[in-house]
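See below for the structure under consideration.
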Amino acid sequence: MRLSLSGRTSTALVFGFGAFLSVVHAYHALSHETLATGTILGAVVPFGLAVAIAAVPIALYRGDRDVVPVIAAWVLLGAATLGVVSTAVVAHQFVEGVLVAEALFVVAAAATGGGLLGSLAGWYDAQTRRRADLVESLQQATTDLSAATTQQEVCERAVEIANQVLDLPVTGVWLYDDETDALVPAAVANPGQELFENPPRYASGESLSWQAFESGEMTVYDDVQSVDGVHNPDTVIRSEIVIPLGAYGVMNLGATEPNAFDDLDVTVAKLLATATRAALGRADREEVLRRQRRELSRQNERLEEFTSVVSHDLRSPLSVAKGRLDLAREQYDDEDLQATADALDRMDSLIENLLALAKQGRTVGDVRTVSLADVAETAWENVETAEATLSTEDEAIDADPGRLRQLLENLFTNAVIHGGETVSVRVEPTEFGFVVADDGPGIPASERERVFEVGYTDHESGTGFGLPIVRRIAVAHGWSVAVEESESGGARFEFRFDGDAAE
């Protein structure tokens, strides 16, 4: 509750009301020839209370004029309430035939008491409003912190919020530097920079800031000059709040006068520090991701160079060898030449698979909802399956269709190679993903992890790249893959969308 008046108008209104009551009570006291106990209680004490009511808005206007309209509303409400009640009592007594002497002064005394109680209620209401408004402003301002992408930017925005929103001008953030084992100034609000030409560094064990950082506990100092362990005994800072920011550092809020911080200042400082620590954590994780992306970009560049070498420097002489072999086979029909042709075909297959493995990467691009059965049937058509059979059960899943098709092609090829031309393969969804199972000879339990290693194969026509490619594609989607025994004793590859995708 507050009056829709300015602080100045509200101050004048309450002052005038208190002054009026003061005049009434002064007249009441002076109208008696002697200051008897009744006169003191009925006139002098109310006079003092009325003077207090008149003085309250003037004192508040100088310090915090925004609260005056709130207090003014409560003063008038309290005075009106007790004034009306006392008037009703006096009127009732009059109707009953009891004449209340000096009825006007009774009503004035009651109104004075109500006004004083109203001022106390108004002060409490104003502080509650101030706390709520300050916390709301802080919450709105700290959304800025979530947009900061570096720790330096987080620190700069945090001290700006403390300065402009919370009106805590001497604020700074010190971050821990593990190379020097010290707290290094990261950002200091502009008013604080005027006090310190060069903000200090806090080495291990030599300051109040280091004590808070090491203990992990917030500390409030009403007068730092009376405390042992101050970094600079001649500092102009008298009051200080030191709040640790976890492993990142500390936030310091200072003032040049002692006892400068009340409970509300401490509360909002803690809220700001909590938001700052969370933002520093986000920025730290984003910086790690940026480094990883830069490293991945460099790896991709090296991969491009590698694939270029493989594509050109290996395939060119391979093509020449195949051409010369074809000429030789036109003149001679020899088993050794056929063996050479088989070896060159195998080398070509190895190069093709090596390039496929290198290009898989660890991310997928065109992820969308696809039909598991449709992709499986398309993959089956791209594989030489002879008399093998495929059965499917449909389910809509989120995947890159091209990468999923390649995954299934490799599994189908693997099933035909190991299970023979009449192997049966089934693709079906599960509660957490999907499986690809066959009725071939299966994979021994001791070999089920090794089959995903690059180059591992137990078949003379295998390249050792098919299943590693399968795992790469699964990991790129965020899936896990495990090989087990199918119901018919064959191989069963289970893909889980909620599993651990780490290779």
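Here the structure is a predicted model, which is why all the values come from computation and not from measurement.
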From Ile243 atom CD1 to Thr274 atom OG1, the distance as rounded to the nearest 0.5 Å: 7.5 Å
Side chain to side chain, Leu272 and Met251, heavy atoms closer than 4.5 Å: yes
Close side-chain approach of Leu467 and Val481, heavy atoms under 4.5 Å: no
Under 3.5 Å donor-acceptor, Asp178 side chain and Asp181 backbone: no
Value rounded to 0.5 Å, distance of CD1 in Ile397 from OG1 in Thr369: 9.5 Å
Any side-chain heavy-atom pair of Tyr202 and His231 under 4.5 Å: yes
Verdict with reasoning, Val230 to Ser207, per side chain to side chain contact (heavy atoms under 4.5 Å, CB included): CA-CA 5 Å; Val230 178; Ser207 65; over 6 Å; no
Pair Arg201-Thr180, side chain to side chain donor-acceptor pair (under 3.5 Å): steps then yes or no: CA-CA 10 Å; Arg201 297 164 60 95; Thr180 60; 3.2 Å; yes
Parallel, tilted or perpendicular: rings of Phe493 and Phe452 (30°, 60°): perpendicular
Residues Thr171 and Asn163: side-chain donor-acceptor under 3.5 angstrom: no
pair Glu217-Pro244: side-chain heavy atoms closer than 4.5 Å: no
Arg157 side chain near Thr276 side chain, heavy-atom distance below 4.5 Å: no
Donor-acceptor contact below 3.5 Å, side chain His477 vs main chain Asp400: yes
Euclidean distance, Tyr248 OH relative to Leu280 CG, rounded to 0.5 Å: 7.0 Å
Mutual orientation of the aromatic rings belonging to Phe497 and Trp479 [parallel < 30°, tilted 30-60°, perpendicular > 60°]: tilted
For the student: nearest non-hydrogen atoms of Val154 and Ala148, plus distance: CG2-CB, 3.5 Å
Close side-chain approach of Glu257 and Arg238, heavy atoms under 4.5 Å: no
Val173 vs Val250, side chain to side chain contact (heavy atoms under 4.5 Å, CB included): CA-CA, chis, key distance, verdict: CA-CA 6 Å; Val173 175; Val250 297; over 6 Å; no
Donor-acceptor pair, side chain of Ser239 and main chain of Asp222, under 3.5 angstrom: yes
Leu253 side chain near Glu240 side chain, heavy-atom distance below 4.5 Å: no
Heavy-atom neighbours of Asp263 CG exceed 12 at 6.0 Å: no
Shortest non-hydrogen separation from Gln406 to Ile469 and the atoms involved: NE2-CG2, 4.3 Å
Side chain to side chain contact (heavy atoms under 4.5 Å, CB included) evaluation trace for Val224 with Thr235: CA-CA 9 Å; Val224 297; Thr235 179; 4.3 Å; yes
Separation of Gln151 CD from Leu175 CG (nearest 0.5 Å): 6.0 Å
Donor + acceptor pair across side chains of Asp223, Ser226 (<3.5 Å): no
Basic-acidic side-chain contact under 4.0 Å: Glu484, Arg496: no
Derivation and outcome, side chain to side chain contact (heavy atoms under 4.5 Å, CB included), residues Thr430 and Phe495: CA-CA 9 Å; Thr430 65; Phe495 298 86; over 6 Å; no
Gap separating the OG1 atom of Thr219 from the CD1 atom of Ile241, nearest 0.5 angstrom: 10.5 Å
Donor-acceptor pair, side chain of Trp174 and main chain of Pro200, under 3.5 angstrom: yes
Closest contact, heavy atoms only, Val220 versus Met218: CG2-CE, 4.1 Å
Beyond-backbone contact of Trp210 with Val242, side-chain heavy atoms, under 4.5 angstrom: no
Distance-minimising heavy-atom pair for Ala203 and Ala182: CA-CB, 4.0 Å
Under 3.5 Å: donor-acceptor pair, side chain of Asp374, backbone of Ser371: no
Approximate separation, where rounding is to 0.5 Å, of Asn410 CG and Leu408 CG: 9.0 Å
Audit row: Arg285, Glu287, salt bridge (charged side-chain N to carboxylate O under 4.0 Å, His left out) steps and yes/no: CA-CA 5 Å; Arg285 291 190 293 273; Glu287 178 58 31; over 6 Å; no
Atom of Gln152, atom of Ala186 and distance for their closest heavy-atom approach: NE2-O, 2.7 Å
Closest heavy-atom pair and its distance - Leu404, Ala399: CD2-CB, 4.1 Å
Audit row: Glu286, Arg282, salt bridge (charged side-chain N to carboxylate O under 4.0 Å, His left out) steps and yes/no: CA-CA 6 Å; Glu286 289 180 7; Arg282 285 193 298 272; 5.8 Å; no
